[in-house]
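Right, one structure below, let's go through it.
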Amino acid sequence: MTTLPPDWRFITRHPAHFLAFGLGSGLAPKAPGTFGTLAALPLYYLIAWFATPIELYLIIAIAVVAGIWICGKTGRDLGVADHGGIVWDEIAAFWIVLAATPQTPLWIAAAFALFRLFDIWKPFPIRQFDARLKNGFGVMFDDLLAAGYTLLVLFLAQKLLP
């Protein structure tokens, strides 16, 4: 268990740490969740470029399920279940949002802004789950709920806007 802030040495010590810290994006000194969400963009489009839609959805599902272990292992090794630098939860959850968002710059920007808003604000019941679930599942679950809120708002916007 480390007592020092995580650094490149820590995240390269185990593949789970490297993924949990978003290939290094989670080491950002300010707003690591935002940097993790930004890192999700090129990773998503790289995967989407090579994968069929079904393969893409399968990869996202695997990323979410594996994220429970990745985030849990890294949190245990850090001694902090939901360390701010752990951003795999943002990455995997934002991939879900991207897969369902119209692929135009405006919609992608709106998706990004809404996802960050819900992830930071944590409206009911996200805050309650975030406070109670302190393991890999809990780390992933609050971001999946933020993704759900984001998708709901984007869906309503698509239906209501001309």
Side-chain angles (χ1 to χ4, degrees), residues 6 8 11 15-72 74-75 82-130 133 136-162:
W8 278 102
I11 70 168
H17 301 167
F18 188 64
L19 291 173
F21 273 78
L23 315 181
S25 62
L27 291 175
K30 302 268 189 207
T34 299
F35 281 93
T37 306
L38 284 171
L41 286 160
L43 294 172
Y44 173 83
Y45 288 109
L46 179 67
I47 294 165
W49 179 264
F50 292 103
T52 66
I54 291 178
E55 290 169 341
L56 177 64
Y57 301 141
L58 182 60
I59 290 167
I60 293 170
I62 291 168
V64 169
V65 173
I68 296 168
W69 178 79
I70 290 166
C71 295
T74 303
D82 195 359
H83 186 279
I86 296 174
V87 296
W88 186 257
D89 48 334
E90 278 87 2
I91 291 171
F94 194 55
W95 285 355
I96 294 169
V97 172
L98 288 171
T101 299
Q103 296 300 295
T104 67
L106 183 60
W107 283 107
I108 293 166
F112 179 86
L114 286 167
F115 179 73
R116 292 308 304 141
L117 172 72
F118 291 127
D119 189 33
I120 293 166
W121 176 31
K122 298 191 185 318
F124 181 83
I126 299 173
R127 184 176 310 278
Q128 288 71 20
F129 282 115
D130 186 53
L133 299 174
F137 177 78
V139 172
M140 291 296 300
F141 191 61
D142 73 305
D143 288 273
L144 294 173
L145 291 174
Y149 275 105
T150 301
L151 290 172
L152 177 63
V153 171
L154 290 174
F155 175 77
L156 292 173
Q158 288 176 56
K159 295 298 177 195
L160 299 174
L161 295 176

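Start at 1 with the first residue, then count along the sequence. Quick note: numbers below take in every heavy atom, side chains included, and nothing from hydrogens, waters or symmetry partners.
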inquiry  = Does the plane of the ring in Phe18 sit parallel, tilted or perpendicular to the ring in Trp8? Use 30° and 60° as the thresholds.
reply    = tilted
Does the side-chain contact (heavy atoms from CB on, under 4.5 Å) test come out yes or no for Leu144 and Asp89, once each step is laid out?
CA-CA 8 Å; Leu144 294 173; Asp89 48 334; over 6 Å; no
Side chain to side chain donor-acceptor pair (under 3.5 Å) filter on Tyr57, not counting sequence neighbours, yields none
Separation between CG (Leu161) and CG (Leu156), nearest 0.5 Å, reads 10.0 Å
Nearest heavy-atom approach of Ile86 to Cys71 is CG2-SG, 3.6 Å
Aromatic plane relationship, Phe112 with Phe94 - under 30° parallel, 30 to 60° tilted, over 60° perpendicular: perpendicular
Here the pair of heavy atoms bringing Leu151 nearest to Ala100 is CD2-CB, 3.6 Å
* To do: Indicate yes or no for a side-chain donor-acceptor contact from Trp95 to the backbone of Ala40 under 3.5 Å, with no hydrogens or angles considered.
  => yes
Could you walk me through whether Phe21 and His83 pass the side-chain contact (heavy atoms from CB on, under 4.5 Å) check?
CA-CA 10 Å; Phe21 273 78; His83 186 279; 3.9 Å; yes
query: Looking at side-chain heavy atoms only, is the closest gap between Trp107 and Gln158 below 4.5 Å?
result: yes
(message) Has Thr74 got a side-chain atom pairing as donor or acceptor with Ala16's backbone, closer than 3.5 angstrom?
(response) yes
ring-ring contact (aromatic ring centres under 6.0 Å, His included) pairs touching residues 136-162, sequence neighbours excluded, are Phe118-Tyr149, Phe129-Phe141, Phe137-Phe141
In this structure, OG1 of Thr52 is separated from CD1 of Ile59 (nearest 0.5 Å) by 8.0 Å
Closest non-hydrogen atoms of Ala92 and Met140, given as atom of the first, atom of the second and distance, are CB-CE, 3.9 Å
In this structure, CH2 of Trp88 is separated from CD1 of Ile68 (nearest 0.5 Å) by 13.0 Å
Here the gap from Glu90 atom CD to Thr34 atom OG1, rounded to the nearest 0.5 Å, amounts to 8.0 Å
Looking only at heavy atoms, the pair that brings Ala39 and Ser25 closest together is CB-OG, 3.7 Å
Between Val97 and Leu114, is a side-chain contact (heavy atoms from CB on, under 4.5 Å) present by the stated rule, with each step listed? CA-CA 10 Å; Val97 172; Leu114 286 167; over 6 Å; no
* Hey, is CD1 on Ile54 packed in by over 12 heavy atoms from elsewhere, all under 6.0 Å? -> no
Heavy-atom nearest pair, Leu154 first then Ala111, reads CD1-CB, 3.7 Å
Has the side chain of Gln103 got a donor or acceptor atom that lies under 3.5 Å from a matching backbone atom of Leu98?
yes
To the nearest 0.5 Å, atom CD of Gln128 lies from atom CG of Asp142 at 11.5 Å
Rounded to the nearest 0.5 angstrom, the CG-OG1 distance for Leu145 and Thr150 is 10.5 Å
On a heavy-atom basis, the closest approach of Ile91 and Gly36 is CG1-O, 3.3 Å
- Is the shortest side-chain N to carboxylate O distance from Arg127 to Asp130 below 4.0 Å? no
Let's go through Ile108 and Leu41 carefully: what are the C-alpha distance in whole Å and the side-chain angles of both, what is the deciding distance for side-chain contact (heavy atoms from CB on, under 4.5 Å) to 0.1 Å, and is it a yes or a no? CA-CA 9 Å; Ile108 293 166; Leu41 286 160; 3.9 Å; yes
Is it the case that more than 12 heavy atoms not belonging to Tyr44 sit under 6.0 Å from its OH atom?
-> yes
